[in-house]
Amino acid sequence: MGQKNSHPKLFPGDIVEYPRNKYFSHFGVYYGERDGVPYVAHLTCRDSDTKLLLYGRALRSEVKLDPLELLGKKYKVNNMLDDTHPPRDFHGVVKPAIEDMMGREVTFDILFHNSEHQATLFRYGVKKSEQIDEIYEYIMPAWKKLFKEKQL
């Protein structure tokens, strides 16, 4: 992935990717500055004690604005769908959508509505998670076999 603490130039509406481990990253949308502090809008759990990984879901999640570096010192711009989907206008569409979502309760689902899904939905109007698509490539053949053998 080659993420470095390079602090790339960010523009409002850019998708910011924060590596978390070998398989997953956390994503947000660069919102801009408030009082000289850069902010990112991202989908996160409301309660710090929410146990997300038990079933890959967290019912009490929301879109929050947090300072860019609060989410991690290592990040990169990853506008992964720019080649196939035009980015939406930040001030006319994305910013109002972010502001509308803030404070609302949202269900986080690692497979169907994670931070990457939310970020691409804001930027492109399309819900997509490349990291989940990649994992499906490994999971689906195993699941197909289990379905065939009526074990799943």
Side-chain angles (χ1 to χ4, degrees), residues 1-34 37-46 52-53 55-147 152:
M1 282 194 174
Q3 271 110 348
K4 296 179 180 141
N5 189 4
S6 59
H7 300 260
K9 176 77 173 148
L10 298 169
F11 297 95
D14 279 345
I15 294 178
V16 181
E17 178 180 355
Y18 297 87
R20 292 297 187 236
N21 60 40
K22 182 179 175 181
Y23 303 103
F24 292 105
S25 292
H26 183 67
F27 293 83
V29 173
Y30 181 63
Y31 187 82
E33 290 188 3
R34 285 183 165 181
V37 177
Y39 278 82
V40 172
H42 64 113
L43 180 64
T44 187
C45 296
R46 279 188 175 178
L52 172 65
L53 295 179
Y55 297 106
R57 300 186 90 196
L59 300 177
R60 293 181 45 90
S61 297
E62 69 180 326
V63 172
K64 284 182 65 178
L65 275 183
D66 281 315
L68 175 73
E69 290 195 7
L70 180 71
L71 302 179
K73 301 283 185 214
K74 293 182 180 182
Y75 57 87
K76 71 175 186 174
V77 172
N78 187 353
N79 297 325
M80 72 278 288
L81 301 180
D82 276 8
D83 290 340
T84 57
H85 295 80
R88 302 189 309 166
D89 176 65
F90 179 77
H91 294 287
V93 178
V94 179
K95 185 177 181 184
I98 289 169
E99 290 170 352
D100 183 55
M101 287 294 296
M102 287 190 330
R104 282 178 159 187
E105 215 164 270
V106 178
T107 297
F108 176 101
D109 185 299
I110 199 156
L111 295 177
F112 303 107
H113 194 81
N114 62 41
S115 64
E116 186 178 9
H117 287 113
Q118 187 67 61
T120 60
L121 188 58
F122 281 143
R123 181 170 175 85
Y124 305 107
V126 173
K127 224 171 143 174
K128 183 143 177 68
S129 175
E130 290 185 344
Q131 60 190 349
I132 296 302
D133 290 349
E134 192 173 312
I135 287 171
Y136 274 142
E137 287 181 32
Y138 298 103
I139 293 173
M140 291 311 288
W143 283 1
K144 281 181 185 178
K145 182 180 179 206
L146 291 173
F147 274 122
L152 186 62

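Among residues two or more places apart in sequence or in another chain, the side chain to side chain contact (heavy atoms under 4.5 Å, CB included) test is passed with Pro67 by Val37, Tyr39, Leu70. In this structure, the side chain to side chain donor-acceptor pair (under 3.5 Å) partners of Tyr124, at least two apart in sequence or on a different chain, are Asp82. A search for salt bridge (charged side-chain N to carboxylate O under 4.0 Å, His left out) contacts involving Asp83 returns nothing, not counting sequence neighbours. Listed by chain and number, the residues in a ring pair (Phe, Tyr, Trp, His ring centres under 6.0 Å) with His26 are His42 (sequence neighbours excluded). Residues passing the side chain to side chain donor-acceptor pair (under 3.5 Å) test with Gln118, sequence neighbours excluded: His113.
Checking each of Glu130, Glu17, Glu116 against Asn78 for a side chain to side chain donor-acceptor pair (under 3.5 Å) leaves exactly one that passes, namely Glu17. For the pairing with Val40, the side chain to side chain contact (heavy atoms under 4.5 Å, CB included) check across Tyr75, Tyr18, Tyr31, Phe27 returns one residue only, Tyr18.
A donor-acceptor contact shorter than 3.5 Å is absent between the side chain of Ser129 and the backbone of His117.
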Donor-acceptor pairs under 3.5 angstrom involving side-chain atoms of residues 85-97: please list them, not counting sequence neighbours.
from: Arg88; atom 1: NE; to: Phe122; atom 2: O; distance (Å): 3.2
from: Arg88; atom 1: NH2; to: Leu121; atom 2: O; distance (Å): 3.2
from: Arg88; atom 1: NH2; to: Phe122; atom 2: O; distance (Å): 3.2
from: Asp89; atom 1: OD2; to: Gly92; atom 2: N; distance (Å): 2.4

| request: Under the side-chain contact (heavy atoms from CB on, under 4.5 Å) rule, what do Leu81 and Arg123 come out as? Steps first, then yes or no, please. | output: CA-CA 9 Å; Leu81 301 180; Arg123 181 170 175 85; over 6 Å; no
| request: Assess whether side-chain contact (heavy atoms from CB on, under 4.5 Å) is satisfied between Gln131 and Ile110, documenting all intermediate values. | output: CA-CA 10 Å; Gln131 60 190 349; Ile110 199 156; over 6 Å; no
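Salt bridge Lys9/Asp14: absent, no basic N to carboxylate O contact under 4.0 Å.
With rounding to the nearest 0.5 Å, the separation of CG in Leu10 from NZ in Lys76 is 13.0 Å. Here CD of Glu62 is found 8.0 Å from OG1 of Thr44. Values are rounded to the nearest 0.5 Å. Atom CE of Met102 is separated from atom NZ of Lys64 by 11.0 Å, given to the nearest 0.5 angstrom. Here the straight-line distance linking atom CG of Leu111 with atom CG of Asp133 works out to 10.5 Å at 0.5 Å rounding.
Nearest heavy atom pair, residue Ser25 against residue Pro19, reads OG-CA, 3.6 Å. Scanning both residues, Ala119 and Gly28, for their nearest heavy atoms gives CB-O, 4.1 Å. Residue Asn79 comes nearest to Gly13 through the heavy atom pair OD1-O, 4.5 Å, listed as atom of the first residue, atom of the second, then distance.
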